[in-house]
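Both counts, for ligands and for their atoms, begin at 1 and track the order of listing.
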Amino acid sequence: MVQKRTVAVVNCGSSSVKLDVFFLPSEDNPLSVLVERVGKPDARLVLKRASAGGEPEHREDRAVEALDPATAVSLVLDAVAAAGFAPDAVGHRVVHGGERFTESVLVDDGVVAAIEACVPLAPLHNPANLAGLAVARARLPNVPHVAVFDTAFHQTLAPEAYLYAVPRALHEQHGVRRYGFHGTSHGYVAERAARFFGRDPSTLNLITLHLGNGCSACAISRGRSIDTSMGMTPLEGLVMGTRCGDLDAAVALRLARERGVDEAERVLNKESGLLGVSRTSQDMRDLERAAAAGDVDADLAIRIFTRRAAKVVGGYAVLLGEVDAVIFTGGIGENSARVRREVCAGLRVLGALLDERRNASDLTGERDLAGSDSRVRILVIPTDEERAIAGETARLARI
Ligand code: ADP
């Protein structure tokens with residue numbers, strides 16, 4: 001019998017810290033601990049335990065004092081130990097690996113220094129990721145720690161895909177280029193899709209659409225990312241919950257001139273996207289409900305969202321030459337029949353024909369929604385970044 005190993009996956013952000021415990025090789029997820037509202041006076045710790053069959057067994061929800069991510073990670077690790085779990089390895093989600101990290105790595109002091117060097121590229125994310133690494137390494141010094149980067153999957157992009165048409169010195173001196181994000185998710189759903197077809201990833205051309213609060217698309221040629229819609233930061237590309245996505249750079253300059261740089265950054269990151277256009281919500285469920293009830297602004301926000309996504313998929317089809325499947329994932333991609341219908345309506349030109357009945361049905365899990373006469377398959381593959389990180393961690397830690 002294969003020995004059961006325990007992997008903890010830490011996702012340490014600036015406002016929330018999450019830790020998932022996985023058993024491998026079964027991939028069961030018996031414990032999940034979240035500290036929300038980190039840095040706020042009303043921070044809470046939510047713990048969920050599940051049985052071997054995945055049934056919820058126990059839930060705890062209590063106020064905690066967590067004024068910074070490091071304290072929150074400490075609280076989460078206390079809860080894991082109190083629940084009786086002892087990880088054999090720890091996987092850490094790290095948002096930005098710059099040009100240095102082309103794949104996941106075992107963490108040592110040199111790796112930590114290199115992640116620190118990427119802080120200017122992700123000033124909101126990498127410091128929290130580093131805090132998580134520091135606390136977890138200090139608390140669990142005798143187990144391997146693995147860093148899994150959101151950017152690594154896209155390090156296969158060619159210069160013509162990652163360079164912006166700006167002076168080359170900006171790349172050389174300031175690291176200005178496309179990095180791309182959501183790499184763990186794009187890589188994971190592409191691999192699941194290959195398994196779904198019973199084929200090797202190196203034989204497939206795929207377009208993946210990760211549509212959640214953050215949204216990005218990726219063109220994957222024979223297992224390698226050749227283009228992706230997020231750029232130097234996660235602000236570029238598709239319309240998102242509160243981020244604008246693609247925009248004339250002059251809009252940002254003008255906003256910065258008139259309202260100051262911080263305010264410009266806030267407006268484009270936090271007040272734009274679905275929220276900005278609809279004026280009411282960043283949440284696709286709310287918008288669909290409102291649109292169905294006649295709210296024209298909600299309806300317009302959804303149409304701008306789906307049009308942009310279709311446009312990007314069309315562009316990627318040209319880059320790939322041939323497309324085997326378009327894959328929807330993320331909260332919206334997995335659940336919104338309207339979004340899938342509107343994105344796919346424009347893809348008939350590629351020979352991608354959606355089976356409307358299957359699309360609108362309440363099927364769940366991995367599924368093919370293409371009609372039998374479609375030349376391109378249209379898949380829904382639920383993403384699971386934590387599970388993917390657990391797998392990567394076990395592989396690198398050789399446990
Ligand atoms: P995150 O990027 O924070 O992980 P998710 O992937 O969970 O977010 O996606 C959140 C988005 O998914 C929200 O806009 C939410 O409204 C949308 N969503 C979730 N369920 C549905 C549904 N049944 N129909 C439409 N949209 C949904």
Should side-chain heavy atoms under 4.5 Å link Ile, Leu, Val, Met, Phe, Trp and Tyr, which residues sit in the same cluster as Leu157? Tyr162, Leu163
When clusters are formed from ILVMFWY side-chain contacts under 4.5 Å, directly or step by step, what else is grouped with Leu268? Leu235, Leu247, Val251, Leu255, Val267
Within a 6.0 Å radius of atom CD on Glu65, are there more than 12 heavy atoms belonging to other residues, nucleotides or ligands? no
Please give the N or O to N or O pairs under 3.5 Å between ligand 1 and the protein, distances rounded to 0.1 Å.
from     : atom 1 : to     : atom 2 : distance (Å)
ligand 1 : 2 (O)  : Asn213 : N      : 2.9
ligand 1 : 3 (O)  : Asn213 : ND2    : 2.8
ligand 1 : 6 (O)  : Gly331 : N      : 2.9
ligand 1 : 8 (O)  : Asn213 : N      : 3.4
ligand 1 : 8 (O)  : Asn213 : ND2    : 3.3
ligand 1 : 12 (O) : Ile332 : N      : 3.3
ligand 1 : 14 (O) : Met284 : N      : 3.0
ligand 1 : 16 (O) : Asp283 : OD1    : 2.5
ligand 1 : 16 (O) : Asp283 : OD2    : 3.4
ligand 1 : 16 (O) : Met284 : N      : 3.0
ligand 1 : 16 (O) : Arg285 : N      : 3.0
ligand 1 : 20 (N) : Asn335 : ND2    : 3.4

Using distance only, find each side-chain donor-acceptor pair of residues 318-327 under 3.5 Å and give its atom names and separation, not counting sequence neighbours.
from   : atom 1 : to     : atom 2 : distance (Å)
Asp324 : OD2    : Asn205 : N      : 2.7

Test item: side-chain donor near acceptor, Thr228 and Arg178, under 3.5 Å: no
Between Thr242 and Glu271, do the side chains contain an N or O donor and an N or O acceptor separated by less than 3.5 Å? no
